[in-house]
2 protein chains.
Amino acid sequence: MALILTFLGKGGSGRSTCAIATAKKLANQGQRVLLVTEDAGPGFGLLLGNELSNTPTAIDANLWAMQLQFTQLLEQNWDQLKQFEAQYLRDPFFKDMYGQELSVLPGMDQALTLNALREFDASGDYDVIVHDGPGDQASLRMWGMPAGIDWYFRRFKQVFQSSQFSKAIMPFVQPVAGAILSGGLSGDMFDHPEIKQSTNVITQGIAAVKEPMRVRAYLVTNDDTIAIATARYLWGAAQQIEMTVAGVLFNRGTNPPAEFEPLPIYNLPTAEGWTSLVEAMPADYMATPSAPAPVDVDVSTGTVRLFLPSFDKKQIQLTQYGPEVTIEAGDQRRNLTLPAPLKGRSVTGAKFQSGYLILSFN
Amino acid sequence: MALILTFLGKGGSGRSTCAIATAKKLANQGQRVLLVTEDAGPGFGLLLGNELSNTPTAIDANLWAMQLQFTQLLEQNWDQLKQFEAQYLRDPFFKDMYGQELSVLPGMDQALTLNALREFDASGDYDVIVHDGPGDQASLRMWGMPAGIDWYFRRFKQVFQSSQFSKAIMPFVQPVAGAILSGGLSGDMFDHPEIKQSTNVITQGIAAVKEPMRVRAYLVTNDDTIAIATARYLWGAAQQIEMTVAGVLFNRGTNPPAEFEPLPIYNLPTAEGWTSLVEAMPADYMATPSAPAPVDVDVSTGTVRLFLPSFDKKQIQLTQYGPEVTIEAGDQRRNLTLPAPLKGRSVTGAKFQSGYLILSFN
């Protein structure tokens, strides 16, 4: 398993530069590093000084780099889907659609990126994967995708199983399945082995994003007011997907901003060239970060503390429409998955105190 | 109908600043202008100097501004879906899922943005909508979405109707539909009025993106090599979704780049403040642009000319796996929709000449 590092901040504040310097530093330390960019254009390669392709290429000792190309990734994944289909369906349906003709729709980039990162992580070939993405809300949507899909799937299953709809179509499920699936269908369709396997991948994805030794973000900003405000916003928004933000890379600024307490701030030099920049990058990437955990549950007192820095009370909304407690902040909703002892209990109190939303359960 | 203007370029090159200056200029000219940002954070409001909400607010004469908030938009759209469901289904299925608990998945931002722009366009309240988005590949995915969805839908229908799969499930379609739909189902399910209505919306979306008096992009760059290379790449990539790029806004640079021939270049001043910047913006936004059309079909000679600047021959791939000709470039695939006289004919020749891919049909 690898450590995945990613960077959040306003465009132009130096995110890609920090990703490259981080990768160089870790490779110098002897870690096997893969540097992956989502930038389909020539920008990242020009900055790095290497021409990139869609497979990892060694560019230095311990250092590999690549550029994700989504048309290629879509084609490969489509071929896998077709193999899968050929195995299960009596008469494969998508065999007449070719990976080579598929265009990339919004959302596919993120799904394909996550899947590629998962595969590189699982390969065991790298100790660290340094990820260069859009670094904004779109990146957070990507990291929140496993939890989001998991929620939609669970909720859909729940609604489906208790619906008249389900009872109405049930008599037809077995014959339809018999007509199209090679082996028919036995038992609960949500228990199908392939569905179980995908939910496993999703569960592992959720666990990885929450675990700071698996996935971790750093904020990047310069001393421009708007860049600082954007980084602060992304800090709070990252907590909404329970991703640990471990520090601030302060790019070529003079007065380190005070708005990021209690995160460590790393001052990056104004000098040109990689040497001094690599030097200035955090030396402790491989150590457990000291940053606050996004969520902290105390079962004994029935208390859940959510770290939501950068928001004020009126930017956070707490509702309980469905069966779960929903927190809205940073233009994302998060449905709280509570540990067994708190599950099903209702919120009796909520207060917002020094960056924490503190919920009490009955 | 409104003219929609959008800006493409590297992050930090001044896209949002150009969007604001453009909106101010057009409002000064007497056009009713709506300025819409996808930036969920505080950055755009700080730059504009106005606090923004999720509905248009008048900030000056003829000028309204707003910030798209995707959790809110998702909630509104979900409520519409539920009304629609209540109308057609015997027993509404999603009634137990609440818009207030839905989290935003990747791709939803783009779909919700397009839909919001479509509604503002249709309202007749604005002459111009100035759109501030991520301005990168993600924005192009969004503008390419109507054509992408249309292709998937057509291709899926084609594959479905000719499959054994379709024949296998057909005996069950009527009884299942009878059990779940209020009025049962008659005729071809792809001919259902609601499906027809959504395909109409998609067809109109495709037409709007192709029409430079409806949707038009400008490139933004400063004199940094990487910003120039990125803008050039996005120029080519925009042609892949048949969007007209009408000019280059050259931000605070000294030597206007020569790489954007034949586009007009607008030099933006280095002076601080909006006045001189607004002055320097194109004066002819409301006129038909002189930029090359992304596609040019000559039925009489059986020739199709595709404008694909910024790519060289080996970055463009031409295939014919499915029933259509597919062009791959700029990490996007485009399936050529040919006019009736050329439909079904095969490519007999392809050459790449001064930025144009020229295809000859038999």
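Everything numeric here is computed off the predicted structure, so don't read it as measured data. Protein chains get the first letters and strands the later ones, always in sequence-line order, with residue 1 at the start of each.
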If we define contacts as heavy-atom pairs under 4.5 Å, which of A:Met145, A:Gln320, A:Arg232 has the most with chain B?
A:Met145

Minimum heavy-atom separation for B:Pro42 and A:Tyr233, please, with both atom names.
CD-CB, 3.5 Å

Taking B:Leu234, B:Thr319, B:Asp96 one by one, which has the highest count of heavy-atom pairs under 4.5 Å against chain A?
B:Asp96

In terms of heavy-atom contacts, B:Gln100 and A:Arg333 come closest through O-CD, 3.0 Å

Measure A:Thr71 against the heavy atoms of chain B and call it side chain, backbone, both or neither at under 4.5 Å.
both

Taking OH in B:Tyr321 as the centre, count heavy atoms belonging to other residues, nucleotides or ligands within less than 6.0 Å. Is the count above 12?
no

Measuring from B:Phe94:CZ to A:Phe156:CZ, what's the distance to the nearest 0.5 Å?
5.5 Å

Proximity breakdown for A:Gln137 and chain B, heavy-atom pairs closer than 4.5 Å
side chain

Beyond-backbone contact of A:Arg155 with B:Tyr98, side-chain heavy atoms, under 4.5 angstrom:
yes

Ranking B:Thr326, B:Val159, B:Val325, B:Thr230 by heavy-atom pairs under 4.5 Å to chain A gives rank one to B:Val159

If you take all heavy atoms of A:Ile226 and B:Gly43, which pair is closest and at what distance?
CG2-CA, 3.7 Å

Part of B:Leu89 lying under 4.5 Å from any heavy atom of chain A:
side chain

Heavy-atom donor-acceptor pair, B:Asp331 side chain to A:Ala40 backbone, under 3.5 Å
no

I need the residue from B:Ile228, B:Asn335, B:Leu140 with the largest number of non-hydrogen atom pairs under 4.5 Å to chain A.
B:Asn335

Atom CD of B:Gln158 with >12 non-hydrogen neighbours under 6.0 angstrom
yes

Would you indicate whether B:Glu51, at its atom CD, is surrounded by more than 12 heavy atoms from other residues, nucleotides or ligands within a distance under 6.0 Å?
no

Check for a donor-acceptor pair, side chain of A:Tyr152 on one end and backbone N or O of B:Ser103 on the other, with a separation under 3.5 Å.
yes

Taking every non-hydrogen pair under 4.5 Å, which of B:Asp91, B:Asp39, B:Val104 racks up the most with chain A?
B:Val104

Can you tell whether the side chains of A:Glu101 and B:Arg334 come within less than 4.0 Å, N to carboxylate O?
no

Under the 3.5 angstrom rule, does the side chain of A:Asp109 hit a backbone N or O of B:Ala138 as a donor-acceptor pair?
no

Using heavy-atom distances under 4.5 Å, tell me whether A:Leu74 contacts chain B through its side chain, its backbone, both, or neither.
side chain

Heavy-atom proximity to chain B below 4.5 Å, by part of A:Leu68:
backbone

Any side-chain heavy-atom pair from B:Arg141 and A:Leu105 closer than 4.5 angstrom?
no

Is it the side chain or the backbone of A:Leu102 that comes within 4.5 Å of chain B heavy atoms, both, or neither?
both

Given the options B:Met97, B:Lys95, B:Gln317, which has more heavy-atom pairs under 4.5 Å with chain A than any of the others?
B:Met97

Mind listing the closest non-hydrogen atom pair of A:Lys10 and B:Gly12 along with its distance?
NZ-CA, 4.2 Å

Would you check if the side chain of A:Gln110 reaches a backbone N or O of B:Gly107 as a donor-acceptor pair within less than 3.5 Å?
no

Does A:Glu328 form a side-chain hydrogen bond (donor to acceptor under 3.5 Å, both in side chains) with B:Gln72? I'd like the steps, not just the answer.
CA-CA 10 Å; A:Glu328 186 177 324; B:Gln72 303 305 317; 2.8 Å; yes

